[in-house]
Each structure stands twice: as structure tokens, then as C-alpha cells.
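Shown next, in C-alpha cells, is the structure this report addresses.
Below, chains carry the letters A, B, ... as their sequence lines are ordered, and counting in each starts from 1. Predicted model, so just to flag it, every value in this text is computed and none were measured.
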Number of protein chains: 2
Amino acid sequence: MSAVRIGVDIGGTKVDAVVLDPGGDIVARHRVPVRMGDDGVVGSARDAVSHVCDIAGVTASDAGAIGVGVPGAVTGGVVRHALNLGVTELDLSSQLSAAWGVPVHVENDVNAAAIGAWHLLGDGRTSVAYLNVGTGLAAGIILDGRLWRGARGAAGEIGHIGIDPAGPVGADGLRGGLETYASGSGVALQWGREGQAAVEVLRAAQDGDVRAREIRERLLGGVAHAARILILTLDVAHVMLGGGLTGMGAELLDGAREVIREWEEASAFLASLEIGSRLSLVPGDQPVAAIGAAMLEVDHG
Amino acid sequence: MSAVRIGVDIGGTKVDAVVLDPGGDIVARHRVPVRMGDDGVVGSARDAVSHVCDIAGVTASDAGAIGVGVPGAVTGGVVRHALNLGVTELDLSSQLSAAWGVPVHVENDVNAAAIGAWHLLGDGRTSVAYLNVGTGLAAGIILDGRLWRGARGAAGEIGHIGIDPAGPVGADGLRGGLETYASGSGVALQWGREGQAAVEVLRAAQDGDVRAREIRERLLGGVAHAARILILTLDVAHVMLGGGLTGMGAELLDGAREVIREWEEASAFLASLEIGSRLSLVPGDQPVAAIGAAMLEVDHG
């Protein structure tokens, strides 16, 4: 008999944990604030799983394995350079496995979310790019149901592609990079303020602020360019948008589609690819990264 | 015992045929001029194979199957929209199979060349993008030894990615598209003349012509951008450059690497990816598309 699945998404502000039934549906979900540093991260993950298991009436060891998504570079269960979490190098797999008494699979959170997006689409053979428009901009890529990491784990790092040699210089040092256009940090950099820059910019754009409108146009154009790049390079069947800035909802999706429509008027070839209709938002605030983490025990490549 | 392999590359000016021994090495190669139209294309392919078989001392039926690479959209052995060949729709597989008495596998020529490039690298599990800098600009993609065509066969169509909103409008109707920067047709469009535009532009650039120098810079920058896009999206281990404009040789490779070096000075992340050292030219004028076509009988996805 298939066991329950447990998945954990460790983010910059919260830890999101889910218990899935053997069919892959969510039976319980719980979020706790994340604490910084090695002990804080491990402790928050343990708290989230403890609570979600109580809600579901299971224990951690009822799962054959537990999956964890986390920002940063992940190899062999070790997380490196998760700067938002105050983590330089942490063997998350060993520490959590010792605590929970089951194997723990750790994956980069955007890759985990891509697996979750693929699972929500419910077509095992499909290809999907999950485009995270969050603090940064990056994609997780599932080809024929398998996670594609690339030769050095850099697949999907499209935030560092340049789309305008006259564009602003980003935090990565590159001019006109996609991440500077279409991410929370990029919007804040252009706006010149930290914190809830995206919310401020969108409000100011609505009030007619010219500079805010320009930043908003760049954001929508950046998402459109990212979808165009993912489809012209990989020809994935679906590009699913997630991450903090998708809190904009239809404004983001419709705005990006409008940019794509303008391109399609100029180019019959681009129109034939139907990029806009392949683009979607994560449905109904589903915790894709936690769901994907729970699916990590299945072989995804 | 493994049979010999026969591969045919039908191009805009010539048909290139090879016979490979069971180990994959070339035992004979022959080129004939291509003739236009359905009958011309079929006839030239038959001539090329007939001659190369004579040279190798084999007959077409000594191969378990014969592979053919051809420009245009290929599905189920049928070629569509191969405009350079004067072909609208041609069931190349049926016609050649009837002539040769063996199964005939037909594939888009850039995809065939990607298989050839992968074969030359000699590492069955590696990932490679073959970037064709020819009349057009497109990539063929091999991931873990398998050809990746994408959901609708459009994978690798990176020529239609925009890298400059203030760039020239291309034949595809798109502004600042990669193909306009880095292809024979794009160079000709910018230079304002058909024919051997690239040769003329390079000579004029060397003579100090300002506009020719700008077009040359765009060509080198376009190849560099293409490599950056392929590696940041797919993280392929190798990007191999082929196609007519690689007749420039080291000037093209070194020029693109110089652009990449400038980016790397600005960005530690980009520098860590070592894009320049993953970039290479097809070695020694090898007929990669014909070699790849000969390998089509092996399962590549």
C-alpha cells in the first residue's frame, strides 16, 4: 500500500508543510514563520511537520520519505548559499532525517515547485516550466515528467539572460537582465526602495506615476519574454507562473499576454506557437513547492 | 553483426552523403549539387547515395536503414515548407524507401546535426546544443543522449528570441531577434544585399566600414547571446557551432568568447558557468548533419 507523502517548502518568510494522501491530494497543510540560521531553519521545518502531522493524524514515519524544498544550491542533501535564510552550508538531509527517522530528499525550491506544477497538471508525460516570479526570477523545468537540472544544476537560471542592452544594471551586474525586470528584487532595485516595492510601484502606476508605469511595463514585458524564451528554447507545453509577484493575479497574466499578443501581430511564426494560451498562474494559491517536495520520493530524474 | 550506416544531408546548395562503419567512423563521403523541387530533391539524394555507396563498396540495402536530414518541418517522414528546396510537401521517407529498399528516417537537418555533434563528442550521456549559424539561426538539442523536439517540434527555435527592443526588424517581423543578428539572412537584411553578404560585410568591416563593423559586432554578440540563452535555460554541457557562417572559423568563436568575457567581468555568476569554454566549432569541417542522419536509426528520443 502506498504511504502518505509529506512535503515541506522552506521559504524566506515561512515554512509550508503538506500531507498528501496516496492519490496526491492534500489532506493537511500548515504554515509556520521561518527562523533564520542553521538551527532556526531545521527547527522551523520540524515545527511545521509536527503540526501538519497532528492535523492529518499521522506521524512523520508514516511517510516512506519526506521531501524538502529550499532556496539556494542543493547537492546531495546539502544546502549552500541560501542567503535569505542566513545559511551558508547546511546538511539539511542528515539533520532532518535524524529527527524524523525517514529518508529526507532535499531539492531547490523552484525545482520542487516545478514538480508540484507538473503534478497539478495531471499529465505524467507532459513538459512544463514553472516560472518563479518571486524575490528572484528562475524556472524549474520538467521534460516528459522528469526534472531537468542541466549539466551543472544551472538549468532554468533564465533571470540572467539579457533582453535589452540599454536596460538597467541588475544585482547580478548584468545590463537588461530578465531578473531585473521581472522579480521583487528587480522592481525594488529600479524603484530605489526595499520592502514592499512591488505593491508600492503598482499603486503608484495606477495613480499615474510615470516611472512606476515604466517599471510595471518592464515587469509584464519581462514575464512575456521569459515565456517566449522558455517556449522557443524548450517548447514546453505549459509555463506556469508562481512566486510572490503572482499575488497580482490576472493583472500579471493578462498584462504578459497582451505583450505576447503584440508580438504575434508582427510575427505569424510566433502566433503559431500560441505562447499566451500555454501560460497560466498556479491555480488557487496551491502550495506547489510543498506538493512538489512531497513528490520528490518518486523518481523525477 | 552491426551493419554499415548511411546518412544524407540535403542542404540548400548540395546533398552530402556518408557511409559510416559499425563503429561510427566515416568510410566514404560524397557531395552532389542539390536540384530543386520534389523530383530534384529525391533525385539528388539518390545520386549522392549511389555514388557514396560505390566509393565504399556497399549497396544501400547493406544499411539496416538510411537517415536523411532536410530543412523544413518534418513529421512522419514528410517534409513541409522547405522553401529553399522548392518543396511545399513531400513524402521523402516513402519515396526514398521505395528506391533504396530499406526504411528511411527523415529528420530536420538541424536536429540531425545535433545528433552528429553529440556523436562526435563521444559521450553518450552528455547534453549538447548544436547551434546552426547558417541561412537562419536555430539550435538542435540533445539531452542525456536523446533528441529533444519539444511539445510541438519547436524546441531550439531561438532565432526568434528578442535581445534588443531597439534592434532591427527581422524577416520574421520581430524587432531585435537573434536570427537577424546571427545568420546569413540576417546579415544580408542588415547589409541590404542578397548573396554572399556575410563575406562582403566581413571584408568591409576589415576595411574599416563603420556599418559593416556594427553588423559584425551584432553577429558576434548574437552568437554569444545564443550560447548564454542555451546554457542559462538548458545548462547543456556543450554548445557546438556549425552552419555556413562558421566558415569564419576562429574569428567567430574568439569574437563570441570575447563578448562573453565582458559579461563575465560584470557578473561572478555568469563567470562561474564558463560559457566560453563550453562553446566550440564543429571540428575539422565534419559533416555533422549527414553523420547525425546516419545515426537516426538508433533511438534518439
**Request:** For residues A:F269 and B:L174, determine if any side-chain heavy atom of one lies less than 4.5 Å from a side-chain heavy atom of the other.
**Result:**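 Answer no - side chains too far apart.
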**Request:** Report yes if the side chains of B:T233 and A:L234 come closer than 4.5 Å at any heavy-atom pair, otherwise no.
**Result:**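 Sidechains of A:L234 and B:T233: in contact.
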Minimum heavy-atom separation for [X] to [Y], with atom names?
X	Y	answer
B:A151	A:R278	CB-NH1, 4.5 Å
B:I163	A:P165	O-CD, 3.3 Å
B:R228	A:I161	NH2-C, 3.7 Å

**Request:** Start with the C-alpha distance between B:R146 and A:L143, add both sets of side-chain angles, then the distance that settles side-chain contact (heavy atoms from CB on, under 4.5 Å), and finish with yes or no.
**Result:** CA-CA 12 Å; B:R146 293 171 69 235; A:L143 303 179; over 6 Å; no
**Polar side-chain atom of A:S267 near backbone of B:G173 as donor-acceptor pair, under 3.5 Å** =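 Absent.
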So what's closer than 4.5 Å to chain A heavy atoms on [X]: side chain, backbone, both or neither?
X	answer
B:I141	side chain
B:H160	both
B:A154	both

**Item:** Part of A:I229 lying under 4.5 Å from any heavy atom of chain B
**Value:** both
**Prompt:** What part of A:T126 is in contact with chain B, defined as an atom under 4.5 angstrom from a non-hydrogen atom: side chain, backbone, both or neither?
**Reply:**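 No part of A:T126 comes within 4.5 Å of chain B.
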**Asked** Of all of A:G162, A:A166, A:S127, A:G159, which one pairs up most often with chain B through heavy atoms under 4.5 Å apart?
**Response** A:G162
**Complete:** Counting heavy-atom pairs under 4.5 Å with chain B, the top scorer among A:G177, A:A268, A:A138, A:A155 is A:A155
**Request:** Just give me the residue among B:D144, B:V169, B:L270 that pairs up with chain A most often, heavy atom to heavy atom, under 4.5 Å.
**Result:**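 Among the listed options, the one with the most contacts to chain A is B:D144.
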**Asked** Taking B:H238, B:E265, B:E274 one by one, which has the highest count of heavy-atom pairs under 4.5 Å against chain A?
**Response** B:E274
